[in-house]
Amino acid sequence: MANVKDCPGFETFGEDVRAGRKARGIVRKALAEMVNISPRYLANIELGKTIPSIPVTMQLIRICRLPAERYFNPGLIRGDSEQRQRVGHKLQICPEKYLPIVEAAIDGAIKMEEREDA
């Protein structure tokens with residue numbers, strides 16, 4: 001098992017797994033069963049104490065709807081501001097039924113900016 005400090009890009013993996021799991025309404029025990037690991041091991045992942053194997057990582061990314069590039073190609077993401085990264089992650093885990101609301105808010109913000117620039 002790798003430590004978080006030895007894996008650049010995985011600094012927020014545990015927090016992201018927990019947020020993704022909760023956003024999907026999955027309890028820790030159920031997610032652990034889905035991935036075939038113990039709930040205690042999943043707790044250690046969520047607490048940032050360990051980085052799981054690649055197969056477990058990929059399953060967690062898929063089930064929790066996390067952006068794989070954040071962990072495997074962090075340089076790609078690092079060009080974005082922290083706020084843009086947070087919003088992007090939240091957009092990934094946002095339930096589909098609320099996306100029209102999010103899109104409308106973004107469209108409104110863009111139109112306001114265009115008016116200010118005019």
Side-chain angles (χ1 to χ4, degrees):
M1 284 180 271
N3 286 329
V4 175
K5 65 180 179 167
D6 298 325
C7 300
F10 278 81
E11 296 87 356
T12 64
F13 185 72
E15 295 170 30
D16 296 344
V17 168
R18 181 179 26 234
R21 172 178 64 76
K22 287 183 176 186
R24 304 244 3 247
I26 303 171
V27 296
R28 185 179 288 150
K29 183 178 180 194
L31 179 57
E33 288 174 2
M34 294 166 89
V35 181
N36 200 27
I37 60 176
S38 74
R40 181 75 234 148
Y41 183 54
L42 180 56
N44 284 334
I45 294 168
E46 289 184 350
L47 292 170
K49 294 181 178 180
T50 189
I51 301 297
S53 67
I54 295 291
V56 171
T57 298
M58 295 309 295
Q59 288 181 70
L60 291 171
I61 285 172
R62 181 181 51 78
I63 294 167
C64 296
R65 297 181 180 157
L66 303 175
E69 63 275 3
R70 170 178 286 175
Y71 314 108
F72 295 105
N73 194 359
L76 194 80
I77 299 279
R78 289 207 171 110
D80 289 341
S81 70
E82 286 185 37
Q83 186 171 24
R84 189 172 294 276
Q85 290 177 38
R86 281 193 312 275
V87 170
H89 174 64
K90 288 176 182 179
L91 185 60
Q92 290 290 321
I93 62 176
C94 181
E96 192 78 23
K97 65 183 179 181
Y98 298 119
L99 289 178
I101 297 167
V102 173
E103 184 176 20
I106 291 170
D107 288 344
I110 291 170
K111 286 179 183 174
M112 285 177 58
E113 183 68 19
E114 288 171 353
R115 285 185 199 133
E116 289 176 8
D117 289 342

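Computed from a predicted structure; not experimentally measured.
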- Note on the structure: Closest heavy-atom pair, Pro52 versus Val56, reported as atoms and distance to 0.1 Å, is CB-CG1, 3.5 Å

- Specify the closest pair of heavy atoms between Ile26 and Leu31, including all atoms of both residues, with the distance to one decimal. CG2-N, 3.6 Å

- Message: Would you say that more than 12 heavy atoms from the other residues, nucleotides or ligands in this model lie under 6.0 Å from the CG of Asn36, or not?
- Response: no

- Query: Around Arg65, counting heavy atoms of other residues, nucleotides and ligands shown, do more than 12 lie under 6.0 Å from its CZ?
  - Reply: no

- Query: Looking at residues at least two apart in the chain, or sitting in another chain, which of them share a side chain to side chain donor-acceptor pair (under 3.5 Å) with Gln59?
  - Reply: none

Just verifying a value: how many Å separate [X] [atom1] and [Y] [atom2], rounded to the nearest 0.5 Å?
X	Y	atom1	atom2	value
Arg21	Glu46	CZ	CD	4.0 Å
Ile51	Glu11	CD1	CD	8.5 Å
Tyr98	Leu91	OH	CG	15.0 Å
Lys29	Met34	NZ	CE	14.5 Å

- Task: Please examine the side chains of Leu99 and Cys94, heavy atoms only from C-beta on, and report whether any two atoms are closer than 4.5 Å.
- Result: yes

- Message: I'd like to know whether Thr57 forms a side chain to side chain contact (heavy atoms under 4.5 Å, CB included) with Ile45, so could you lay out the CA-CA distance, the side-chain angles of the two residues, the decisive distance to 0.1 Å, and finally the verdict.
- Response: CA-CA 10 Å; Thr57 298; Ile45 294 168; over 6 Å; no

- Message: Quick check on the hydrophobic clustering: are Phe13 and Ile93 connected, directly or via other members, by side-chain heavy-atom contacts under 4.5 Å?
- Response: no

- Message: Please tell me whether Ile54 and Leu42 are part of a single hydrophobic cluster in this structure, the criterion being side-chain heavy atoms less than 4.5 Å apart.
- Response: yes

- Query: Counting distance only, does the side-chain N/O of Ser38 pair as donor-acceptor with the main-chain N or O of Tyr41 below 3.5 Å?
  - Reply: yes

- Item | Counterpart residues, salt bridge (charged side-chain N to carboxylate O under 4.0 Å, His left out), relative to Arg62 (two or more places apart) | none

